[in-house]
Amino acid sequence: MAKRLPLKQRYAALTRDVHWDPTYVDPAKVFPYTSFEGIKIHDWSKWEDPFRLTVDAYHKYQAEKDKRLYAVLDGFAQSQGHLTLSDARYLNAMKLFLQGVTPLEYTAHRQFAFLARYLDGAGPRFAALCQSIDELRHAQTEIHTLAGYNRYYPGFHSWSKMHDRVWYLSVPKSFFDDAVSAGPFEFLIAISFSFEYLLTNLLFVPFMSGASFNGDLPSMTFGFSAQSDESRHMTLGLEAIKFLLEQDEANVPIIQEWIDKWFWRGYRLAGLVAAMMDYMLPRKVMSWKEAFELYFEEQMLGGLFPDLAFYGIEPPRHVAQAVEEKEIVSHQVYWVLYQFSFAAAFTTTVPEPEEMAWLSQQYPDTFDRYYAPLWERARAVQDGGGRFFFQGLPQLCQVCQIPMAFTEPGDPSTICQRHSEFRGERFDFCSDGCKWIFDREPEKYVQAWLPVHQIYQGNCGGPTVPEVLAWYGVGDGDNGEYAGSPEQRNWRLWHEPATVEG
Ligand code: FE
Ligand code: ZN
C-alpha cells in the first residue's frame with residue numbers, strides 16, 4: 001500500500017488538485033460573477049487556508065460534535081430540564097434567536113454554496129463549501145435544540161413564516177437579503193469579515209453565556225458546537241480581506257466602502273442583541289456597554305484596525321457614533337420592543353427593581369437621567385392594571401428598518417431624523433450611517449420591503465391589528481406583556497410546592 005502523504009500535501013491533493021483550468025470554455029463564462037464589482041485578482045493560488053481541512057476530516061469532527069449535542073438534548077428533555085431555567089421570561093431571548101438568527105444561518109448556507117461554485121480560486125471555494133455545510137448544520141441544530149421548548153412555551157412555533165413577515169424580523173432578514181443580493185466579494189466583506197470577524201463575538205458570546213447563566217444547557221451546547229466552526233469562519237473573513245487587499249491596490253477603496261457600509265448595518269442589527277443582554281436575560285452576563293468595550297473597542301479598534309492601516313484601511317466611517325451610542329442603544333431598542341410587543345411573538349415587561357439598580361450602576365451617566373423615568377411611568381401604568389402600548393404604526397428607517405427611535409449625536413433626548421430625495425420621493429433614516437448607505441445605492445434601497453408600508457398598502461392580512469397578527473402567525477399568548485401571560489402562569493404552577501393532603 002502507498003504511504004500516506006504528509007498533511008500539507010494530502011490537503012493540497014484533496015482540495016486544490018481537484019481544480020482544473022477550462023480550456024475549451026471561456027473562464028469568464030464559468031465564473032461570471034467575479035468581475036463586475038471591480039475587484040482585481042491576479043493570483044488565486046495566493047489564498048492561504050490555515051485549517052487545511054479535508055472533506056473526510058471535516059465530517060468526522062462535525063459528527064462527533066453532533067453526537068454530543070444530541071445526547072444533551074435527550075437528557076434535558078427526559079429530565080424536564082426546562083424547569084431549571086432561571087425564569088420562563090428568559091426564553092423570550094431564545095424566541096428572538098430562533099425567529100431572527102436561525103433563518104439567517106440557512107440563508108448563509110445557501111450563499112456559501114453559491115460561492116463554493118462560483119469563486120475562481122480552489123482554496124476559497126473549498127473554504128466556502130465547508131462554511132456552507134456548517135451553516136446548514138447550525139440552522140438544523142438550533143431548530144432541534146429550540147424545538148424542545150415549543151412543547152411547553154409560546155412563541156416557538158411559526159418562526160420561519162414569521163421571519164418573512166413580522167416587522168422586527170425584517171431587520172435581520174433585510175440585512176442578509178442585502179448581503180446575498182450583492183456581488184460575491186461584497187458578500188465576503190459583509191458576512192465573513194464585517195459580521196463574522198468584527199461583530200460575531202458581540203453577537204454570539206452574550207447569547208451563549210446568557211444561555212449558560214440562565215440554565216439553558218441545550219442552547220449553551222449548540223453554541224459551543226457552533227463556536228469551533230465560528231473560529232474557522234472568522235479566519236475566512238480575515239483571510240478574505242487580506243487576500244483582496246494584497247492582490248491589487250485598486251481594491252482598497254472598494255473594500256473600505258464595504259467595511260463602512262457593513263459595519264454600520266451589522267452594528268444596527270446588533271441593537272437587538274444589546275436589548276437582549278441588558279433587558280431580556282433575567283440573570284445578566286455583562287452589559288452591552290461592557291461587551292462593546294471588550295469585543296469591539298479593545299479587540300477590533302485597538303487590535304485589528306492598526307494592522308489593517310498597513311494596507312491603507314481605516315476604521316469604519318461611522319464608528320464614533322456607535323461608540324457614543326454604547327451608553328444608550330440598549331435602552332432605546334428595548335423601549336421600542338416594550339411598546340410594540342402586542343405585535344410581536346415574544347413578551348416584554350418592565351425591569352424588576354434589582355434590574356433597575358443594575359442598569360443604573362452599569363450606565364451611571366444615562367440610565368437614571370433618561371430611561372429610569374420611562375420605566376417608572378410604565379410600571380405605574382401596570383400597577384394600575386393597565387399596560388402602555390404604542391397605538392399606531394411607527395416610521396421605519398429605510399435602510400436598517402428599525403423604528404425611528406435613535407437620537408441625535410450628543411443629545412439622547414432628541415430623535416434623529418435624516419432624509420434624502422430620490423426620483424422625486426422622500427426617504428427617511430435613523431442616522432447618518434443609514435443615510436450614507438442609502439445615498440450610495442439608492443436604486444437598491446428604494447426596493448426595501450418595509451413592514452409598516454406593507455401594512456398600509458394592504459399586503460399584510462388586513463387593516464386591523466388582529467388581522468395583521470393572524471397573517472404574521474402570532475397567536476394568543478405569544479405576544480404582549482409577560483406579567484400575567486400564559487407562560488408566566490404555567491411557570492408558577494409548575495413551580496408551586498406540591499401540597500400534602502392532610
Ligand atoms: Fe452559523
Ligand atoms: Zn437606520
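Each residue takes its place number in the sequence, starting with 1. Read the numbers this way: they start at 1 and go in the same order the structure lists the ligands and their atoms. Bear in mind that the values here come from a model prediction, so they are computed numbers and not experimental data. These numbers come from the heavy atoms of this one structure, side chains and all, not from hydrogens, waters or symmetry mates.
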Between the side chains of H138 and D229, does any donor sit under 3.5 Å from an acceptor? yes
Can a cation-pi geometry be assigned to R268 and F406, taking NZ or CZ under 6.0 Å from the six-membered ring centre and within 45° of the ring axis? yes
Please determine, by modelled atom types, if S174 and D177 share a side-chain donor-acceptor pair under 3.5 angstrom. no
Got a sec, which residues hit side-chain contact (heavy atoms from CB on, under 4.5 Å) with P124, two or more places apart in sequence or on another chain? W44, W47, L119
Can you list every pair that meets side-chain hydrogen bond (donor to acceptor under 3.5 Å, both in side chains) and has a residue in residues 213-223, with sequence neighbours left out? S86-N214, Y90-D216, Y149-D216, D216-S219
For the Fe ion (ligand 1): protein N/O/S atoms at distances below 2.8 Å: 3
Counting only heavy atoms not in R110 (residues, nucleotides, ligands), do more than 12 fall under 6.0 Å from its CZ? no
Salt-bridge test for K284 and D278: reply yes if a basic N is under 4.0 Å from a carboxylate O, no otherwise. no
If I only include protein atoms of type N, O or S, how many are less than 2.8 Å from the Zn ion (ligand 2)? 4
Any salt bridge linking D428 with R418? Criterion: basic side-chain nitrogen under 4.0 Å from a carboxylate oxygen. no
More than 12 non-hydrogen atoms from neighbouring residues, nucleotides or ligands closer than 6.0 Å to CZ on R369, yes or no? no
